[in-house]
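Below you'll find the structure, written out as structure tokens, and then a few comments.
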There are 2 protein chains.
Amino acid sequence: MEAKQFEKISRALSDAHRIEILQAFKNRKECLPCTEVHDFIDLAQPSISHHLKQLVDADLLLPEKEGRNIRYRLNEQVLDNYIRFIQSFKTNL
Amino acid sequence: MEAKQFEKISRALSDAHRIEILQAFKNRKECLPCTEVHDFIDLAQPSISHHLKQLVDADLLLPEKEGRNIRYRLNEQVLDNYIRFIQSFKTNL
DNA sequence: TAAAAACATCGAAATATTTAAATAAATCTA
DNA sequence: TAGATTTATTTAAATATTTCGATGTTTTTA
């Protein structure tokens with residue numbers, strides 16, 4: 001992973017609402033449509049759309065269009081690469 | 001680790017200069033005084049001071065006063081906690 | 001086809017971040 | 001002790017982020 005991508009992912013992770021969105025995946029196993037995010041996050045629809053875009057742009061969420069909904073999947077591979085980048089900060093590997 | 005601390009660490013990691021500072025620890029094994037940071041990062045002294053403060057406030061760097069220098073040590077334990085928090089996003093642990 | 005539903009985009013306001021010049025504080029050294 | 005060195009703080013400007021209302025687009029459904 002490049003430093004630029006690491007920076008972008010870190011920025012995507014640096015917001016309480018976006019963290020909440022990512023944590024929602026823990027409970028609901030698979031995908032998650034935008035409307036459901038609206039159910040547990042107290043923000044206007046454009047704001048949620050904005051946050052989801054940040055997460056997608058950082059490649060943390062993979063959007064899948066399904067009719068008029070968009071379902072998001074967590075990109076666990078990117079999470080692994082992100083973790084590996086952090087591990088590389090350590091002196092003794 | 002609390003979500004608030006995770007948010008703060010993520011924000012600290014979301015800047016190219018701060019990433020560069022953390023990567024410098026890889027090469028120089030142990031500690032790192034502020035002046036040396038100035039050697040490889042092209043920023044004014046107050047800016048470097050500001051970035052180091054962000055990293056210290058996020059608990060990623062541990063400052064140790066040594067005469068008129070301050071040596072910083074990487075806090076690997078916090079890195080581990082941070083990584084554990086990310087792991088918890090995943091559905092199948 | 002008209003209305004509804006889901007999501008995106010634009011524009012603007014409020015707030016936060018980044019940066020550096022000027023200055024201050026602490027400590028070392030001659 | 002005077003001057004030099006290292007780091008912090010203050011202030012201000014430039015830029016970025018967060019948020020929402022209004023509006024647009026796409027797709028479903030009545």
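We name chains A, B, ... by the order of the sequence lines, and we start the count at 1 in each one.
- Side-chain nitrogen and oxygen atoms of B:Ser47 include none within less than 4.0 Å of the OP1 or OP2 phosphate oxygen of C:dT18.
- A sub-4.0 Å separation between OP1 or OP2 of C:dA5 and a side-chain N or O of A:Thr35 is absent.
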Under 4.0 Å protein heavy-atom contacts per nucleotide of nucleotides 22-27 of chain D, with B for base, S for backbone only and - for none: B---SB

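- Under the side-chain contact (heavy atoms from CB on, under 4.5 Å) criterion, A:Pro46 pairs with A:Ala44, sequence neighbours left out.
- For A:Ile83, the side-chain contact (heavy atoms from CB on, under 4.5 Å) partners at least two apart in sequence or on another chain are A:Gln87, B:Ile83, B:Ile86, B:Gln87.
- Contact check for B:Asn75 versus B:Leu61: no side-chain heavy atoms found under the 4.5 Å cut-off.
- Counting only residues at least two apart or on different chains, the salt bridge (Lys or Arg N to Asp or Glu O under 4.0 Å) pairs with a member in residues 3-14 of chain B are B:Lys4-B:Glu7.
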Are any protein N/O atoms closer than 3.5 Å to N/O atoms in nucleotides 11-17 of chain C? If there are, list each pair with its distance.
none

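- When the side-chain hydrogen bond (donor to acceptor under 3.5 Å, both in side chains) test is applied to B:Gln45, no partner is found at least two apart in sequence or on another chain.
- The side chain of A:Asn69 lies closest to C:dC7, out of C:dC7, C:dA20, D:dA8.
- Each end of the helix from C:dT1-D:dA30 to C:dA30-D:dT1 gets its own rotation axis from five pairs of C1' atoms, and the angle between them is 20° to the nearest 10 degrees.
- In terms of the side-chain hydrogen bond (donor to acceptor under 3.5 Å, both in side chains) criterion, A:Gln5 has no residue partners (sequence neighbours excluded).
- Under the rule for a side-chain contact (heavy atoms from CB on, under 4.5 Å), the partners of B:Gln23 that lie at least two apart in sequence or sit in another chain are A:Phe85, A:Phe89, B:Ile19, B:Lys26.
- For B:His50, there are no ring-ring contact (aromatic ring centres under 6.0 Å, His included) partners at least two apart in sequence or on another chain.
- Not counting sequence neighbours, the partners of A:Arg84 by the side-chain contact (heavy atoms from CB on, under 4.5 Å) test are A:Asp80, A:Asn81.
- Sorted by first and then second residue, the salt bridge (Lys or Arg N to Asp or Glu O under 4.0 Å) pairs with a member in residues 39-60 of chain B read B:Lys53-B:Asp57; sequence neighbours excluded.
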